[in-house]
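What follows is one structure encoded as structure tokens, with my remarks underneath.
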Amino acid sequence: MLSATIAAHPAAAAAITLRQRHSLRPRQPLRVPIGAAAPRRRMETARPSVVKAVASQGVPAVPPKLSFPILVNSCTGKMGKAVAEAAVSAGLQLVPVSFSATEVPDGKLKICDREIRIHDPSESEKILPSIMEEYPDLIVVDYTVPDAVNANAELYCKLGLPVVMGTTGGNRQLLHKTVQDANIYAVISPQMGKQVVAFLAAMEIMAGQFPDAFSGYKLEVMESHQATKLDVSGTAKAVISCFQKLGVSFDMDEVKLVRDPEEQVNVVGVPEEHLEGHAFHMYHLTSPDGTVSFEFQHNVCGRSIYAEGTVDAAMFLYTKIQSGAGKKLYDMIDVLREGNMR
Ligand SMILES: NC(=O)C1=CN([C@@H]2O[C@H](COP(=O)(O)OP(=O)(O)OC[C@H]3O[C@@H](n4cnc5c(N)ncnc54)[C@H](OP(=O)(O)O)[C@@H]3O)[C@@H](O)[C@H]2O)C=CC1
Ligand SMILES: O=C(O)C1=N[C@H](C(=O)O)C[C@H](O)C1
């Protein structure tokens, strides 16, 4: 058995294993220990791309700290809250407004030490223009629900509001077309976690350079997420599309979704304390004669890996806007490639 293990993050572990296995059988608790979530180190200084060293004097200048307004839609959700907290930690200006149909006491939500006023989504078209006026350079981050993706994107486009779209699902083709046609600045990605983005990038490179390398192989995919997740993992879909380019025949509805907490603990090996927030993915490939198999896994507990990546994406987008970049639509591989992930 040949195996390679990559510890991706204190709150996460990723394993890529190559071994002889014959089926996607019930999981033993995973080979890679899923460590308890530990807070990520906060960025104290801006990243290299925004650091202006005074080379002539040989003394590095104090790096400018990026600070711009960010509106998180929706702060009532699990990801929205995590991103809002990460944005405050990173020194961004969290706009005290968000949208959701969820009732909150006095219509307000406390995030860090700030009060965020929650408006009904039906009011967003009326409210956002005045927020944009009050907060020039505003960037919106969208973590809502698959059903809201396209309508929200249309609204941001109509208003010319730059967006980091983390929400998965909806009509992805239409989403890209809407944003492209409106020519707004945007980062769209179903996956914001740096190490998972790197894995996805590696998959895309492999698919681009060795098309059909896995032709004839059988693919089995399992993904486990918190029971509240509404859609099939957008990340799994992106990885599967690479396998398809590698010659594997697979239909998206063949993905085995695990949403039952008991199965997650006993079969998948999800630590109980992460039932409310985890994303375990497993891809198993078997050769036509069954003699060779490959297994890829990326298993994330908690949400800090995505929240930090989302803040990186917002900072990346802000610098693109400030520099008047000609290219406007990006994904997280662009963000990673340009060294913009902490
Ligand atoms: N790109 C990435 O790296 C990641 C992406 N995700 C994706 O992010 C999305 C959100 O996930 P998560 O936070 O766990 O989900 P939650 O269900 O916890 O949060 C979604 C929130 O959106 C609100 N909402 C629904 N419709 C609207 C609307 N039209 N306008 C504003 N708010 C709305 C919901 O409120 P209400 O109760 O009123 O419906 C809810 O509070 C999912 O698509 C998920 O797959 C998650 C993790 C990482
Ligand atoms: O809903 C989630 O939790 C996640 N959603 C994203 C996806 O669908 O790919 C990313 C990650 O899997 C967590």
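As the structure lists them, so they are numbered: ligands from 1, and atoms in each ligand from 1.
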Nearest candidate to atom 36 (P) of ligand 1, where distance is taken over non-hydrogen atoms, out of Thr102, Val83, Val187:
Thr102
Of all the non-hydrogen atoms in the protein, which one sits nearest to atom 9 (O) of ligand 2, and at what distance?
Thr235 OG1, 2.5 Å
Pair Lys194 + Glu308, salt bridge at N-O below 4.0 Å:
no
Can you sort out which atoms of ligand 2 are near Ala279, meaning under 4.0 Å from one of its heavy atoms?
11 (C), 12 (O), 13 (C)
So does Arg259 pair up with Glu223, basic N to acidic O under 4.0 Å?
yes
Near Ser189 (heavy-atom distance under 4.0 Å), the atoms of ligand 1 are 1 (N)
I'd like to know if Glu115 and Lys108 make a salt bridge, using a cut-off of under 4.0 Å between side-chain N and carboxylate O.
yes
Taking only heavy atoms of His281 into account, list the atoms of ligand 2 that are under 4.0 Å away from them.
12 (O)
So, is Thr168 polar-close to ligand 1, with some N/O to N/O distance under 3.5 Å?
yes
Please work out, at 4.0 Å between heavy atoms, whether the side chain, the backbone, both, or neither of Thr310 comes within that distance of ligand 1.
neither
Any nitrogen or oxygen of Lys78, side chain or backbone, less than 3.5 Å from one on ligand 1?
yes
So, is His225 polar-close to ligand 2, with some N/O to N/O distance under 3.5 Å?
yes
If you compare all heavy atoms of Gly216 against all heavy atoms of Pro288, which two are closest, and at what distance to 0.1 Å?
O-CG, 3.4 Å
When you check the gap from the basic side-chain N to the acidic O, do Glu85 and Lys81 get nearer than 4.0 Å?
yes
Atom 22 (O) of ligand 1 protein-contacted (non-hydrogen atom, under 4.0 angstrom):
yes
Geometric N/O contact Arg303 with ligand 1, under 3.5 angstrom
no
Of all the atoms in ligand 2, which lie at a distance below 4.0 Å from a heavy atom belonging to Gln226?
1 (O), 2 (C), 3 (O)
Report yes if some N/O of Val145 lies less than 3.5 Å from some N/O of ligand 1; otherwise report no.
no
Salt bridge between Glu338 and Lys320, side-chain N to carboxylate O under 4.0 Å?
yes
List ligand 2 atoms under 4.0 Å from Pro190, heavy atoms only on the residue side.
6 (C), 7 (C), 9 (O), 10 (C)
Can you find an N/O atom of Lys229 closer than 3.5 Å to an N/O atom of ligand 2?
yes
Nearest protein heavy atom to atom 47 (C) of ligand 1, by residue and atom, and its distance?
Met79 CG, 3.3 Å
Who's closest to atom 7 (C) of ligand 1 heavy-atom-wise, of Gly193, Pro190, Gly166?
Gly166
Mind checking whether Pro146 has an N or O less than 3.5 Å away from an N or O of ligand 1?
no
Need the ligand 1 atom indices (1-based, order shown) with element for anything under 4.0 Å from a heavy-atom of Ser74.
22 (O), 23 (C), 32 (N)
For Gly234, counting its heavy atoms only, list the atoms of ligand 2 lying under 4.0 Å from any of them.
7 (C), 8 (O), 9 (O)
Compute the shortest N/O to N/O distance between Ala101 and ligand 1 and return yes if it is under 3.5 Å, no if not.
yes
Quick one: which ligand 1 atoms are inside 4.0 Å of a heavy atom on Thr76?
35 (O), 40 (C), 41 (O)
So is Ala148 polar-close to ligand 1, meaning N/O to N/O under 3.5 Å?
no
